[in-house]
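Computed over heavy atoms, backbone and side chain alike; hydrogens, waters and symmetry mates excluded.
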Amino acid sequence: MRSIQAGLTMIVAAMSLASGCSYNFDSMNFPCAPMVTDAENDVETQLRCPPGYYCSEKNMCLRGECANDQECKGDGEFCIDHKCVVPEAPELVEADAETDAIQESADDGPYEEAELELPQITGFTPAAGPVWSRVEIGGANFAPAIDDNEVRFHVRDKDGNIDEGLVALVLEVSDSRDRLLVRVPENASGKGPISVKTPKGEAMSDDDFEVTDAPSIKEFDPKKGVAGTEVTIKGYNFSDSALVPNKVSFNGVAAPDGTGSTTEIKTTVPVGATTGPIEVQVGDQSGQSEDDFEIIGPPTIDSFFPVSGFIGERVTVYGSNFDADTPANNQVSFQGAQVPSDDLLVVETDRLVVKVPQGAKTGPISVSVGGQNASSADSFTVTEGHPASGTVAATVDLGNGAAPAGLAVSADNRHVYVAAQGTDSVLVIDGDKLPANPGGAVVSTIPVALEPTGVATTPDGKFVLVTNTRSQQVWILDETKTVANPDNCMYSDPIQALGGPEQIGVDPTGNIAVVLKNNSAKLTRIDLTKLEDDPTHSLLGDLEIKLGSKLVVSQNYLDFSDAGDRMVLTGTSDDDKSYLVYFDMENEKVKNSTPLGTDLKGVALSPDGVTSYAADFGEGAERVSKYNHLLGKLSTWISIPGCRAHGLAKTPDGTQIYITCVDTSNGGASKLYRYDTASNTQIGASVPLCAGAFTLAFSKNGSRAYVSCFMENKVVMIQ
């Protein structure tokens, strides 16, 4: 195909000889100046523009159609002086032939010459606007990729000189490459043209754009909320003077005046506001946000769990329209007693996790969000914080060879899950049958793999997780079927947790399960949020527990803070010392650790995650360590003469710790001790237990404690 430029050059060469003019064709915008003047008919003959171009009033061939004040009537004609004419000079016959070749080439396909791709600006809208406002630029030949279009806003001084301009943010390029959407750049001011530069060349507008000082909203945070929510608005040209207020409205409803600086102001969502844009008015000028602020509707309460609990118990409230962006906007009350803001542990749009406040009484739970209220249909029952008497209320005989190891209580406080190592099963005890019917309390037997060791339940009542050290697996049971359909209660195939999984715990948020491995320097985590959809890929992998240059090669027990952000575990290092390890769950690393005893076993972490209690089972130890992790030092030893401590658990409100230990003066019989965590003093007398009383677990509402007696195949209920 013949080059268009070659044809045009021949034409202009002829024209140049006739008129003494020469033209530069290094661009796609080329002149169509007069070549022959027909004095008799008073007609100017001009160079013909290629198809798809028109001759502008400035005698340039531009891509497009005739201007509005011109017209063109025939193929091959062109626009001039508000009418169309055709070349008539005889000396242009050869040139016309070349032009015909151009027309034929154009019909064959797109132009090949890069020079015909120069950008053009035909106009823009609006003609004026503030910083960050949007401007649409019309034209042709813009680059198809956003980043290949450099748009600048210039300033023209009083002498007509134009500065180098400020680069604007390009938001969009139309598919036809004839439209650009940009923002007026920061720090822009004054009045001047707009330019567009592409890899093919540069174009500048004929008209000037004027930057105004009207307020302009760039963004706001949060994006949604209720009446009373504080909103930070960022932008430009706000007022920082008390004499000129920033009048703010949410979808037309006036809010308190915004205060702050010229680029950032704060206000609160007014009562009665509906979803829509935010507007800021300064003086007689205003600016509106491009996005809407979403008003959260009235809250609803669908259910809560558990249905009963003690003061300080964690309760999950399920519903809708809670304010996740501003947690303090959610006011939760238990029969008139409001939950302090510090006890709003988890705030999501459809879920609140709170602690039962002091002064709570049995009755409905209510939630207020931005002055909009909801109340539960059912009542929450307030119970005692922990067993009042600390005495043995019932003993359940599991049968010969059961060898109970791990214990866990269901989220509804009713069922107790027992890892029975000797029978390779999980036994389910119905706590509601105790103490009246201990003989009929075992209501389900669930076969699992060899020697189950650890067991844990999720706070939402969905899953029971069981570790099998010998088979190196974690079994997932559907808790809703463990009693109703024990033969078909496996939720999925077991998770392969290689390395001898032993103890297991679930963080109070219900998101992560942590598995401690026997004789391993690593712990495994399971993403519980994936269990429902993808259990086979819920294993998050191992984390190494390293203490300086040493590794914890054997891990015993673990516990969590109420917020689930801290975990404590006990273990033995490769230097044969027993360590208390404080772990940061959010950053997945050891915060601090210390060697405390000869053989640390059971461990508990205070609800605030500050203080740990660790039982020392070592020969001659006869003590429990109390360690302050913020201070990084041992607070005290709780001495228990004649008793090697093993099992340890805190009451859910954190005010007491329960300890099981072996009485060294009585042939290995076990005892239960209770201590006040504030004063470190013993509460009441020790309680005799069956032999081998190791594992200890509390019901979620704190009304009962359970102890497994490994050597006598029994489970004891403390009430």
Side-chain angles (χ1 to χ4, degrees), residues 299-320 322 330-339 343-348 350-368 373-388 393 407-417 428-436 441 443-444 456-464 477-484 506-510 528 562 564 607 651-654 697-706 717 719:
T300 66
I301 299 177
D302 299 329
S303 62
F304 54 84
F305 195 85
V307 297
S308 64
F310 53 88
I311 303 299
E313 167 85 79
R314 293 169 60 98
V315 176
T316 301
V317 180
Y318 298 97
S320 63
F322 304 141
N330 304 275
Q331 298 179 359
V332 184
S333 298
F334 285 71
Q335 196 62 10
Q338 184 171 322
V339 176
D343 289 342
L344 288 169
L345 305 179
V346 177
V347 178
E348 298 173 350
D350 58 356
R351 183 174 72 116
L352 300 173
V353 180
V354 302
K355 287 185 179 181
V356 179
Q358 292 291 334
K361 296 179 181 179
T362 297
I365 299 174
S366 62
V367 176
S368 176
N373 303 308
S375 184
S376 64
D378 300 322
S379 291
F380 178 85
T381 302
V382 178
T383 61
E384 294 290 335
H386 42 73
L407 288 176
V409 183
S410 62
D412 63 2
N413 303 301
R414 178 172 180 176
H415 295 110
V416 183
Y417 294 91
V428 185
I429 298 173
D430 187 343
D432 285 356
K433 294 182 180 295
L434 301 175
V443 294
S444 183
T457 57
T458 57
D460 57 7
K462 290 183 178 179
F463 301 112
V464 180
L477 310 182
D478 184 339
E479 188 172 344
T480 64
K481 297 180 180 179
T482 54
V483 176
V506 174
D507 85 274
T509 67
L528 299 177
D562 269 7
T651 56
D653 60 4
F698 272 95
S699 61
K700 301 298 189 291
N701 62 10
S703 62
R704 294 173 175 177
Y706 296 90
M717 183 182 76
Q719 195 172 36

Any donor-acceptor N or O pair under 3.5 Å, side chains [X], [Y]:
| X | Y | value |
| --- | --- | --- |
| N373 | S368 | yes |
| T482 | Y417 | yes |
| S375 | S366 | no |
| T509 | D507 | yes |

Counting N and O atoms only, with roles assigned by atom type, does the side chain of [X] sit under 3.5 Å from a partner on the main chain of [Y], one being a donor and the other an acceptor?
| X | Y | value |
| --- | --- | --- |
| S699 | N413 | no |
| S376 | P364 | no |
| S444 | V483 | no |
| T458 | G510 | no |

Taking the side chain as every heavy atom from C-beta outward, state whether [X] and [Y] have any atom pair closer than 4.5 Å.
| X | Y | result |
| --- | --- | --- |
| D460 | T316 | no |
| F322 | V367 | yes |
| S410 | E479 | yes |
| K355 | L345 | yes |
| P357 | Q338 | no |
| D378 | V307 | no |
| K433 | V443 | yes |

Closest non-hydrogen atom pair, [X] against [Y]:
| X | Y | result |
| --- | --- | --- |
| P459 | A411 | O-CB, 3.6 Å |
| T480 | A484 | O-CB, 4.2 Å |
| P607 | P652 | CG-O, 4.3 Å |
| G431 | Y706 | CA-OH, 4.0 Å |
| Q335 | K361 | CB-O, 3.2 Å |
| P299 | A374 | O-CB, 3.2 Å |

For this session: Starting at CD1 of I365, measure out to CD1 of I301 and round the result to the nearest 0.5 Å.
Result: 6.5 Å
Exercise. Hey, is D430 close enough to R414 for a salt bridge, meaning N to O under 4.0 Å?
Worked result: yes
Seminar exercise, completed: From the list V409, D412, L477, V464, side chain to side chain contact (heavy atoms under 4.5 Å, CB included) with T457 holds only for V464
Exercise. Out of V315, V332, V346, which residue meets the side chain to side chain contact (heavy atoms under 4.5 Å, CB included) rule with L352?
Worked result: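 Testing each of V315, V332, V346 against L352, the sole residue satisfying side chain to side chain contact (heavy atoms under 4.5 Å, CB included) is V332.
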Exercise. When you look at L434 and I429, which way does the side-chain contact (heavy atoms from CB on, under 4.5 Å) test go after all the steps?
Worked result: CA-CA 9 Å; L434 301 175; I429 298 173; 4.1 Å; yes
For this session: Check the pair S379, T362 against side-chain hydrogen bond (donor to acceptor under 3.5 Å, both in side chains), reporting the backbone distance first and the verdict last.
Result: CA-CA 6 Å; S379 291; T362 297; over 6 Å; no
Problem set entry | Q358 CD: over 12 foreign heavy atoms closer than 6.0 Å |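 Count not over threshold, so no.
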Problem set entry | Ring centres under 6.0 angstrom apart (Y318, F305) |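 Here the rings of F305 and Y318 have centres that are no less than 6.0 Å from each other.
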Exercise. Yes or no on side-chain contact (heavy atoms from CB on, under 4.5 Å) for V339 and V354, after CA distance, side-chain angles and deciding distance?
Worked result: CA-CA 7 Å; V339 176; V354 302; 4.1 Å; yes
